[in-house]
There are 2 protein chains.
Amino acid sequence: MNFKDLRYFQRLSEEKSFSETAKYFQVSQPTITYALKRLEAEYGVMLVERKSYANSLQLTPAGIQLQQHIQRILHEDQLISHDLRRIKSKQIKVGLPPIITNYLFPKVFTTLRRENLLSTIEPIVNGSHKLEQLLQNGQLDISLLGSTSLPRDPNLSYQIIRAHQFKLIASIDHHFKMPLNIADLAKEDFILLDEQSVHQQVFQYFTQKYQVVPNVIYQTSEYRLLLDLVKQNQGISFITETAILGEGGIQQLPIPNLQLPPFYLLLVYRNSSLPDPQLQKLINIFSTIPFL
Amino acid sequence: MNFKDLRYFQRLSEEKSFSETAKYFQVSQPTITYALKRLEAEYGVMLVERKSYANSLQLTPAGIQLQQHIQRILHEDQLISHDLRRIKSKQIKVGLPPIITNYLFPKVFTTLRRENLLSTIEPIVNGSHKLEQLLQNGQLDISLLGSTSLPRDPNLSYQIIRAHQFKLIASIDHHFKMPLNIADLAKEDFILLDEQSVHQQVFQYFTQKYQVVPNVIYQTSEYRLLLDLVKQNQGISFITETAILGEGGIQQLPIPNLQLPPFYLLLVYRNSSLPDPQLQKLINIFSTIPFL
DNA sequence: TATAATTAATAAATAAAATTTATAGGTGTT
DNA sequence: AACACCTATAAATTTTATTTATTAATTATA
């Protein structure tokens, strides 16, 4: 059997027109007819209902069934291309979410340099959510991710590098009367990370769980900007401790009995791309980051 | 690209010989050489190390990488055949573990008959463990399974039909002084299901957790035989309540504070085979079994 | 160490398969 | 009824896969 036929069939089942499908692939119309015939002959089943005229083409149950499998096969075929391109070019596309990268990268920099891996890394900077998508469809080879839950995609493997916590933070110039409790936070102005980040969901969870109605004055995707604003005492914020470790001018607000999900720093990769030795090396280095 | 080339490559990477691979497929040796060349040309990478002579052929990292993906693609290709054969023949291969089948089947029999599905079902009777394997590689279309945990195979979907409990049982002629406690069981003779069943593992878990050293006098794979022996008061047993609901001549032994995993009655199927309407019907019927 | 045996690569010929061109026949629209 | 649009078929053509025949390389072994 032929991958081409599968592609033709896939397109046909979306397009619902032989001639349109033919146009799409820049082949003549009978090509599509014959491709379908081949598939039907191979499996001995009708795959499409030949209705009269117009875009009334419909898949039979067998056709729908085949479609499902074709999806997977063609997806796997894409991954082949991505993976072999990586191995060929010796360039590894690494997903890097800013907060995590700034925290982790200094810890491995020397090792990466010594192992001559710095030049093989092609950094793709983006939010964790987007990066996970890119990973799944093969556009990324490996990624650091921040997440409150562990990936449940069976095609992805992962290592937990750290389990951090979310913190409420404020400028050191901002003085609170202790002990602080959650209700006090309603009086404060909040500066937050925007919807690209997991932080927003966790913050929402937090406000609902503890019945806080916060006054959010500004949202940004730039966590450095956020930290600077907090330092200037423009407002308080909610962020993973990852972002503030070793950061001056900021205090963590101790709230008794605050219960939030963990913030995992993960190294994630497709398990089918493990045969690449360069990638292996990279995984080893990141998954054995020394504390401090 | 061609499925044939993938098969050639897969075999070549196992066989490590061009001429042996050619023999296997009953083609001439250059066929294999050219197939490999096509793949290498398509991806622009060397896939095998051409070592000198003999079966010293080795895959490059790129070759190993490709192999991984080929596995999946060819597996998916197998599933196509299985699924389309099912749809074509209108015969659904249904996995049926004895205990669960005897309990559930009477509850759906009338419905299956009314919907004309009885003749559609090709029963495959076996233990749950074996049935799950058959399901995964496409030799089964759907299966009832008994399990203490939910399937974690991402290609399988499932419905929980019942959550039953494991019970200690004895003949009604066997008189105990109540309240019974776990230590008393050490004096009893046990008749158990053998290693084909999940029961054995759960029983082992039970004995370890509660520090019982049971006297097992007989094991069988036939649960009807087991029940008959228990009724005859040849010994006591450990079994899911599934097997004894509506069964006379048997008493459940009430042991306070006995904590065991649940016994799920599951309906399991590959999620990629959902498009088949006949199968859908069957799933609906089984997943909405009325209580009693 | 020469020689036979085995293996993989290449070239050219052949066979097989996919695609195109040309055309016919069906169906809805006006 | 004429037209526009679609799919199917037949025959010709192009492309691709396979074979046959041969060579070069390597090891076994006599």
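Below, chain A is the first sequence line, B the second, and so on; all start at residue 1. These numbers were taken from a predicted model, which means no experiment stands behind them.
Between the CG atom of B:Asp5 and the C1' atom of C:dA16 there is a distance of 15 Å, rounded to whole Å. The separation between A:Gln26 atom CD and C:dT20 atom C1' is 15 Å, rounded to whole Å. Between the CD atom of A:Glu20 and the P atom of D:dC6 there is a distance of 7 Å, given to the nearest Å. Separating the CG atom of A:Leu36 from the P atom of C:dA18 is a distance of 14 Å, rounded to the nearest angstrom. Atom P of nucleotide D:dT9 and atom CD of A:Glu40 are separated by 11 Å, given to the nearest angstrom. Between the CG atom of B:Leu6 and the P atom of D:dA17 there is a distance of 12 Å, given to the nearest Å. Straight-line distance from the OH atom of B:Tyr34 to the P atom of C:dA12: 10 Å, rounded to whole Å. Going from atom NZ of B:Lys16 over to atom P of C:dT7 covers 16 Å, rounded to whole Å.
Nearest nucleotide to the side chain of B:Ser17, out of C:dT20, D:dT9, C:dA8: C:dA8. Here D:dT9 is the nucleotide among C:dA8, D:dT9, D:dT18 with the atom lying nearest to any side-chain atom of A:Pro30. Checked against D:dA8, D:dA11, D:dA17, the side chain of B:Asn2 finds its nearest nucleotide in D:dA17. If you check C:dA8, D:dT18, D:dT7 against the side chain of A:Phe18, the one that comes closest is D:dT7. Residue B:Arg38 places its side chain closer to D:dA17 than to any other of C:dA18, C:dA9, D:dA17. Residue B:Lys4 places its side chain closer to D:dT18 than to any other of C:dT19, D:dT18, C:dA11.
The side chain of B:Lys37 contributes no N or O atom lying less than 4.0 Å from OP1 or OP2 of C:dA8. Considering only side-chain N and O atoms, A:Thr33 lies nowhere under 4.0 angstrom from the phosphate OP1 or OP2 of D:dT9.
Backbone-only engagement by A:Ser19 is indicated by non-hydrogen atom pairs under 4.0 Å involving sugar-phosphate atoms exclusively. As judged by a 4.0 angstrom heavy-atom cut-off over every strand, B:Ser28 is placed among the base-contacting residues. Within 4.0 Å of A:Phe25, counting heavy atoms only, lies no atom of the nucleic acid at all.
A salt bridge links B:Glu20 to B:Lys23: one of the charged nitrogens lies within less than 4.0 Å of a carboxylate oxygen.
Here the options are B:Arg85, B:Lys93, B:Arg86, the test is salt bridge (Lys or Arg N to Asp or Glu O under 4.0 Å), and the partner is B:Asp276; only B:Arg86 passes.
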Stepwise side chain to side chain contact (heavy atoms under 4.5 Å, CB included) test for B:Thr101 and B:Val125 = CA-CA 9 Å; B:Thr101 305; B:Val125 176; over 6 Å; no
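Taking the six-membered ring where tryptophan is involved, the planes of A:Phe25 and A:Tyr8 are perpendicular, since the angle between them exceeds 60° and thus also 30°.
Both A:Gln29 and A:Tyr8 lie near DNA chain C, and the one whose nearest nucleotide falls closer to the 5' end is A:Tyr8.
Taken to the nearest 0.5 Å, the CD1 atom of B:Ile283 stands 6.5 Å off from the OG atom of B:Ser273.
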